[in-house]
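Counting starts at 1 for both ligands and their atoms, following the listed order.
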Amino acid sequence: MIRLDSFVVKGGKRLAGAVRVSGSKNAALPCLFATLLTDHEVVLDNVPDLQDIRTAVRLLERLGKRVTVRLGRVTVCKKGVLKERAPYDLVRRMRASAVVMGPLLARLGKADVSLPGGCAIGARPINFHLKAFESMGVKISVQEGYILAQGRLKGCRVKLPFASVGATENILMAASLAQGRTVLDNAAREPEITDLARLLTAMGARIHGAGTARIVIEGVKTLAGAHHRVIPDRIEAGTLLIAAAMTRGKVKLTDIDPSHLGAVIEALRRAGLNVSHSSNTLEAAWVRSLKPVSIKTRVYPGFPTDMQAQWMALMAVTPGRSVIQEDIFENRFLHAQELVRMGARIDVRGARAVIEGVPRLSGCPLMVSDLRAGAALVLAGLVARGQTRVLRVYHLDRGYERLEKKLRFLGANMRRVPQ
Ligand code: UD1
């Protein structure tokens, strides 16, 4: 059941202090699904406690796994016979569930996965995943809302039309147990892909080139168990850096890999924020008024689309003109109209948003449409005059671990109102 909690944020507090960044949701999800590739025990550490992770755990249990979750450690082992059906009631809650298809095909030679359905930030089809499986010898059909995939996977050359993160993950997992060699071109290069490849390699997969546009996978017959630590969440880290910038604060983040945040750090520095780092910490300090900086969302290592909404919140209160070009998703400006209700000046035309920064926003009730839009509205609330009530925070609970607790710890005046 969805809880309709809201956040009440009173703006005007400067954030200061140090917080630990959680494990990455987007890395943990494919790692959880990779456990389907073996009957042996896989232990994952640094898994965040989030709604999407709970959905993934339920899906694994339905597919025949026993899962134990304790303090960031998830242990997955065999329970019964592996099943091929990923049902609608779980897949519709989380589109990333489509990534079970590769492992199920690899283990069972068949998969029966519900079509994910619509999504607030765009159509988000999975045609690239399916086309790749077809070229690996799989027959695909759609029946009663389910994708039926059947066939023995054979390695081949696959070139993705776009460097899709989910398609790259699905193909990596399928190819690990396919017959022969798969050469994947135009692969996604996100750190989450490299993390998944690290886990698969620890399980015995033969993968070369993860993190580059060409990944070569030599299929093996079986995979073993492994112990793996999930990478830190670069999007949570970026969101907290922007919170520091907007509130004129000074925030230190620990347990983070700064190399994953290159484009975000560069944009923040260009805006005038002081950002320094060690090998696993990042520190942001506001020292002068910020300047507007235009960005375009790109695949990694470009500016991440998952930071676009938060960047818009920052630019909304940075005097001057900036432009945001969203080139990854076609309908990812739903937060703009909510920011306008707070007094922001934003003009959206197609994939382009022009922002005239204003000195101050004013608090009002706001509706969250998706995960990162929700983060942008909370950020705006932190600097708005008066009180901002952010409704439907279940979207935020899908992807931010204890966000309100972390922000409160840094000094924000914010609380959750349960419903
Ligand atoms: C993942 C992330 C998401 C992030 C996105 C882009 C997870 C769980 N989610 O989503 O947070 O915003 O990467 O960095 O890791 N596309 C197609 N056909 C396909 C596949 C994708 O047209 O078969 C399009 C999508 O509609 C979108 C673009 O390609 O416009 C990028 O999608 P993709 O990289 O696949 O994103 P996800 O893996 O869904």
Side-chain angles (χ1 to χ4, degrees), residues 23-34 47-48 50-53 55-56 59 91 93-102 113 115-135 140 147 149 158-174 184 186-196 213 230-231 233-236 238-239 260-261 263-264 296-311 325-335 350-351 370-376 395-396 398-400:
S24 160
K25 164 181 90 76
N26 287 356
L29 289 172
C31 288
L32 282 168
F33 297 142
V47 177
L50 298 169
Q51 194 51 49
D52 273 8
I53 298 295
T55 303
L59 184 51
V91 176
R93 285 180 206 194
M94 186 178 67
R95 301 185 46 83
S97 312
V99 174
V100 295
M101 202 178 292
V113 178
L115 272 164
C119 161
I121 65 172
R124 299 186 88 175
I126 53 166
N127 51 324
F128 305 154
H129 309 225
L130 302 182
K131 194 104 202 331
F133 290 144
E134 276 177 341
S135 50
I140 307 269
I147 298 166
V158 178
K159 182 165 185 193
L160 287 173
F162 178 85
S164 153
V165 174
T168 302
E169 292 164 350
N170 238 337
I171 297 163
L172 260 184
M173 292 197 267
L184 174 59
N186 201 24
R189 289 174 289 162
E190 271 68 3
E192 293 76 18
I193 302 290
T194 319
D195 198 44
L196 173 64
V230 172
I231 54 170
D233 195 313
R234 62 193 170 104
I235 306 301
E236 186 201 39
T239 304
H260 295 163
L261 281 132
V264 174
K296 290 180 180 171
T297 60
R298 289 280 180 266
V299 295
Y300 190 82
F303 193 95
T305 174
D306 285 352
M307 286 298 303
Q308 177 261 108
Q310 301 89 313
W311 193 259
Q325 176 86 24
E326 171 56 63
D327 284 335
I328 306 294
F329 289 106
E330 76 270 25
N331 185 28
R332 207 176 193 179
F333 282 140
L334 297 172
H335 43 281
D370 62 82
L371 171 57
R372 308 304 171 185
H395 288 290
L396 278 149
R398 288 186 47 205
Y400 285 94

Treating [X] as the side-chain partner and [Y] as the backbone partner, does any N or O pair qualify as donor plus acceptor under 3.5 Å?
{"X": "Thr305", "Y": "Ile328", "result": "no"}
{"X": "Asn186", "Y": "Leu160", "result": "yes"}
{"X": "Asn170", "Y": "Gly102", "result": "yes"}

Heavy-atom distances under 4.0 Å decide this one: backbone, side chain, both or neither, for [X] against ligand 1?
{"X": "Glu326", "value": "neither"}
{"X": "Ile328", "value": "both"}
{"X": "Asn127", "value": "both"}

Can you tell me if Met307 has a non-hydrogen atom under 4.0 Å from ligand 1?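 Contact check Met307 vs ligand 1: negative.
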Close approach of Pro125 to ligand 1, heavy atoms, under 4.0 angstrom: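 It does; at least one heavy atom falls under 4.0 Å.
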Any salt bridge between Asp327 and Arg298, counting N to O under 4.0 Å?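 Judged by the 4.0 Å cut-off on N to carboxylate O distance, Asp327 and Arg298 do form a salt bridge.
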Salt-bridge test for Lys25 and Glu236: reply yes if a basic N is under 4.0 Å from a carboxylate O, no otherwise.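 Looking at Glu236 together with Lys25, the answer is no, because their closest N to O distance does not fall below 4.0 Å.
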Do any nitrogen or oxygen atoms of [X] lie less than 3.5 angstrom from nitrogen or oxygen atoms of ligand 1?
{"X": "Asp306", "value": "yes"}
{"X": "Asn26", "value": "yes"}
{"X": "Ser164", "value": "yes"}
{"X": "Gly166", "value": "yes"}

Measure from atom 31 (C) of ligand 1 to every heavy atom in Phe162, Phe128, Tyr300 and give the option owning the shortest one.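 Going through Phe162, Phe128, Tyr300 one by one, Phe162 has the nearest heavy atom to atom 31 (C) of ligand 1.
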Quick one: which of Leu371, Val99, Ile126, Val165 has a heavy atom closest to atom 33 (P) of ligand 1?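 Comparing heavy atoms across Leu371, Val99, Ile126, Val165, the nearest one to atom 33 (P) of ligand 1 lies in Val165.
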Distance, nearest 0.5 Å, that separates CZ of Arg93 from CZ of Arg398: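 The distance works out to 11.0 Å.
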